[in-house]
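Notes for the one structure printed next.
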Amino acid sequence: MKKTLLLILSVLMFFSCASDDSSPEIGVTVYRSDDSFISEVRNEIARAGGDSVPVRILSADNKQQKQNEQIEDFIESGAAAIIVNSVDRTASGVIIEKCMKNDVPLVFFNREPVKDDMAKWDKVYYVGARAEDSGRMAGEILADYWLSHPEADKNGDGALQFVIIKGETGHQDTELRTEYFTEALTERGILLEKLHEDTAMWNRDLGRDVMNGFLSYSGETIEAVFANNDDMALGAIEALKDAGYFMNGKYMPVIGIDATPAGRRALRDGTLLGTVFNDAENQGRAAYNIARELAEGRVPTSESIGYELTDSRYVWIPYTTMLKSDLI
Ligand code: BGC
Ligand code: CA
């Protein structure tokens, strides 16, 4: 009798503990799952979640409506904090208001909400990298090359004829990388002539298509290619290879951004002239650490998250220039 009672008691205790499971969870939604850079960040967030507060990671399949529903779902199922890589960064305001109403803190990464949206609530954070720095660094890579390779001026007119393959329109990284790339070259006294620019949506296949288009319009007159990320640069390299580049002495300087594993391979084999390291691991880790502090009811500090907080609510992970000679 006593034994049975004990058994019933322990079973009851087990269930009450299980149902009283107050361990917090962090909801994560990324704009799409097949973006190389975002996949790296996501993997790091998943790894971090394995050590401490668990994460539930979803992809919005590039649909803002779907992402909004995922966020509502996280709120309803009691998420203690939410990490968002928004589909459309101008939708951040609506997301912030929703989370504020339910007191669920938010960490955005990679797609920066505008200042007015960030100002709506103090439990909103952003982790990213300074886009202007990456643009400037990419421009410096090309400037160094151009100034030390007179033969790069293929038509000998003293000007640098170049093309740009851009990321998604409206993304801060697209606009600022493009702007600061050309500014860096101009500051080095280089005469520029932009032949073409078009978006390839951060995507490798589209990068190849766009480059094929540029080649068919301007072919031999193109003297350099800047792509807003490595994936699009790799697509451009495919198109250039099909057009006979990177063999028999035919060369084209191509610059990307991210230093993804595939980008590093292209650096090593000499098809990518240079790239800029966009530190996915640290962006993922910082976003997670902030969310963990918030999920456990603390106000994040530089000490507790292990990254420097700027203006109380921003973490900026630095970019670094990456050439073949920087590979180990
Ligand atoms: C990266 C791109 C990526 C984009 C997604 C950028 O910071 O450089 O590779 O596609 O973010 O938002
Ligand atoms: Ca020229």
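Start at 1 and go down the list; that is how both ligands and their atoms are numbered. For the numbers below, each heavy atom of this structure counts, side chains included, while hydrogens, waters and symmetry mates do not.
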In terms of atom number and element, which parts of ligand 1 are under 4.0 angstrom from non-hydrogen atoms of [X]?
| X | value |
| --- | --- |
| D173 | 6 (C), 7 (O), 11 (O) |
| N229 | 2 (C), 9 (O), 10 (O) |
| D35 | 3 (C), 5 (C), 10 (O) |
| N278 | 1 (C), 7 (O), 8 (O) |
| R111 | 5 (C), 12 (O) |

Have D230 and T275 got a donor and an acceptor in their side chains that come within less than 3.5 Å? yes
Under a 3.5 Å cutoff, is there a donor and acceptor pairing between the side chains of T260 and D258? no
So for ligand 1, is W202 a polar contact partner (N or O within less than 3.5 Å, distance only)? no
Shared hydrophobic cluster for Y251 and F162 (ILVMFWY, side-chain gaps under 4.5 Å): yes
Near Y217 OH, under 6.0 Å, is it more than 12 heavy atoms from other residues, nucleotides or ligands? no
Please classify the R177 to ligand 1 contact at 4.0 Å (heavy-atom distances, strictly less than): side chain, backbone, both or neither. side chain
Is the shortest heavy-atom distance from the side chain of E25 to the side chain of V55 under 4.5 Å? no
Pairing residues for F214 by the ring-ring contact (aromatic ring centres under 6.0 Å, His included) criterion, not counting sequence neighbours: H196
Determine the interplanar angle of the H171 and W202 rings, folded into 0 to 90°, and report it as parallel if under 30°, tilted if 30 to 60°, perpendicular if over 60°. perpendicular
Total protein N, O or S atoms, the Ca ion (ligand 2), separation less than 3.0 Å: 7
Tell me, which protein residue and heavy-atom name are nearest atom 11 (O) of ligand 1, and how many Å apart are they? N110 ND2, 2.8 Å
In this structure, atom 9 (O) of ligand 1 is nearest to the protein heavy atom D258 OD2, 2.5 Å
A cation-pi test, strictly: NZ or CZ of R130 under 6.0 Å from the centre of the six-membered ring of Y319 and no more than 45 degrees from its axis. Yes or no? no
Are E112 and R89 within salt-bridge range, i.e. N to O under 4.0 Å? no
Please determine if E238 and K241 form a salt bridge, counting it only when a charged side-chain N lies under 4.0 Å from a carboxylate O. no
